[in-house]
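Take a look at the structure set out below.
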Number of protein chains: 2
Amino acid sequence: MTTAKVRSQYHHGDLESALISTARKLVKQDGAEHLSLRQVSHEIGVSPSAAYHYFPDRTALLSGLGFSLFEELADFQEKEISKIPGNSARAARERFRALGRTYFQWAKKEPHLFNLMFGDLCTLEKVDQKNHEDARAFNNLTKCLDELYEFDLISEKMRPYGELLAWSVVHGATSLIIGGHLEPENFETTLDAVELALGIKR
Amino acid sequence: MTTAKVRSQYHHGDLESALISTARKLVKQDGAEHLSLRQVSHEIGVSPSAAYHYFPDRTALLSGLGFSLFEELADFQEKEISKIPGNSARAARERFRALGRTYFQWAKKEPHLFNLMFGDLCTLEKVDQKNHEDARAFNNLTKCLDELYEFDLISEKMRPYGELLAWSVVHGATSLIIGGHLEPENFETTLDAVELALGIKR
DNA sequence: GATATTATCTGTACAGTGTTCAGATAAGGG
DNA sequence: CCCTTATCTGAACACTGTACAGATAATATC
């Protein structure tokens with residue numbers, strides 16, 4: 001269904017995306033450390049060693065999945081933000097808040113996938129590609145902050161810290177809440193704190 | 001050496017702490033997902049099934065280690081902060097900054113251990129004990145913020161958000177830098193941003 | 001001090017894992 | 001139609017977590 005190629009390939013579909021998508025399903029359920037290559041292969045109906053034609057490693061499949069999740073998160077954020085139209089100051093402020101909220105919402109819905117993205121497995125490898133991935137979310141954040149700045153909704157003193165502060169605090173609160181170190185109702189409070197911190201007027 | 005009991009136990013030392021400390025060593029080197037119970041046992045010189053008398057599970061050993069790391073981090077922070085004496089406003093500000101810096105420094109030095117603490121494995125289980133662990137770091141933060149407030153170094157408006165904002169942003173920046181999504185030199189900038197955000201006067 | 005009880009660890013076994021590699025099978029080009 | 005190339009299979013190896021029946025040492029009881 002999601003695959004582009006014709007369904008009736010003779011002894012295979014397009015494996016690469018099938019591997020990633022069923023890996024996604026299994027990681028979503030049980031977490032990254034419980035993902036078994038053999039289980040993925042079995043679920044697809046293919047031999048255990050078939051995957052090695054597309055990924056050199058189990059961890060390569062996982063980090064491949066991880067990178068695709070950065071796209072997925074950015075898609076989700078952009079889709080939600082596009083629901084807030086208008087060129088007003090109020091709309092700009094709501095879009096900024098939605099950017100943080102969607103980050104949290106997505107992670108809350110898919111904690112195992114979120115932990116894969118920011119865990120040990122996507123850490124060292126393929127720095128170039130990864131920077132490409134999270135750059136998209138970062139650019140959205142910059143766009144949002146620029147918009148706030150145009151409407152004079154963010155203090156000049158704090159503007160240079162905008163991206164760093166907003167991303168760090170949203171990511172940190174999300175991560176701590178998912179890990180059970182903070183309660184979920186604290187997230188909106190944190191967003192309030194960010195707005196106050198950046199000098200965004202109510 | 002670190003063990004309390006006499007060294008010459010007949011056919012065992014005190015295994016529980018030996019298990020945790022060599023698990024610490026191996027996770028520090030290779031990350032939590034590569035920890036093998038058999039390797040731990042072999043390194044200690046004990047049978048593979050011996051560990052099951054102290055931990056029901058491989059993940060139980062890992063989360064046991066994880067909890068001990070919260071103590072270790074708090075120890076490190078308290079040790080460093082105690083190096084900054086005095087009851088001055090300047091000292092209070094430096095202690096606050098040191099609290100964030102030590103969090104980052106420790107994580108930077110032990111990224112695999114840090115990822116274990118806040119990864120999938122220490123997420124769901126034993127909520128009571130975990131709250132006990134990170135409560136110590138949280139109390140230190142509260143103490144620091146109270147001290148700042150006494151010296152009138154933090155705005156009244158922002159004080160209620162102090163713990164949430166500081167912990168989230170420090171944890172978030174740390175996590176993002178360790179994951180390679182932000183550059184390390186951004187951390188001090190982030191601390192500047194927090195101080196500005198909380199209204200701490202230079 | 002000898003004996004029974006309990007805590008601690010061993011040995012073996014099983015199912016499942018990642019990974020390799022020589023070959024089978026199908027697809028597509030000459 | 002054959003032959004090259006991409007794709008997948010099957011068997012094999014070393015390793016893993018875990019269970020369980022027993023061995024061994026430490027401790028308590030008489």
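As the structure is a prediction and not an experimental result, all values here were calculated from the model. All chains are named by letter (A, B, ...) in the order of the sequence lines, taking the proteins before the strands, and each is independently numbered beginning at 1.
- We find that B:Arg90 and B:Glu94 are joined by a salt bridge, their nearest charged nitrogen and carboxylate oxygen being less than 4.0 Å apart.
- Side chain of A:His53, nearest nucleotide from C:dT10, C:dT8, D:dT7: D:dT7.
- If you check every strand for non-hydrogen atoms under 4.0 Å, A:Leu35 touches sugar and phosphate atoms only.
- Rounded to an integer number of Å, the gap from CG of B:Leu26 to P of D:dG17 is 11 Å.
- Note on A:Ser36: a side-chain N or O is less than 4.0 Å away from OP1 or OP2 of C:dG18.
- Proximity of the aromatic rings of B:Phe138 and A:His181 is defined here by a centroid distance below 6.0 angstrom, and this criterion is not met.
- Taking atom CG on A:Leu19 and atom P on C:dG18, their separation rounds to 12 Å, with Å as the unit.
- The main-chain N or O of A:Gly172 is never found under 3.5 Å from a side-chain atom of A:Ser175 such that the two would form a donor-acceptor pair.
- One finds the CG atom of B:Asn186 at 10.5 Å from the CD atom of A:Glu163 (value rounded to the nearest 0.5 Å).
- Rounded to whole angstrom, the span from the CG atom of A:Leu37 across to the C1' atom of C:dT20 amounts to 13 Å.
- Residue A:Arg38 is in base contact, counting any heavy-atom pair closer than 4.0 Å across all strands shown.
- Judged by atom type and distance alone, B:Ser49 does not reach the base of D:dG17 through any side-chain donor-acceptor pair under 3.5 Å.
- Following rounding to the nearest Å, B:Arg58 (CZ) and D:dT18 (P) show an atom-to-atom distance of 8 Å.
- Atom CZ in A:Phe55 sits about 12 Å away from atom P in D:dC8, given to the nearest Å.
- One interatomic measurement links the two molecules: NE2 of A:His34 to P of D:dG17, which rounds to 12 Å at whole-angstrom precision.
- Rounded to an integer number of Å, the gap from CD of A:Glu33 to P of D:dT16 is 18 Å.
- For the pair B:Tyr52 and C:dC9, the criterion of a side-chain N or O lying under 4.0 Å from OP1 or OP2 is not met.
- When the P atom of D:dG10 is taken as reference, atom NE2 of A:His42 falls 13 Å away, rounded to whole Å.
- Looking at heavy-atom distances under 4.0 Å, A:Leu61 makes no contact with the nucleic acid at all.
- Salt-bridge annotation for A:Arg101 and A:Glu80: absent, with no side-chain N of the basic residue lying under 4.0 Å from a carboxylate O of the acidic one.
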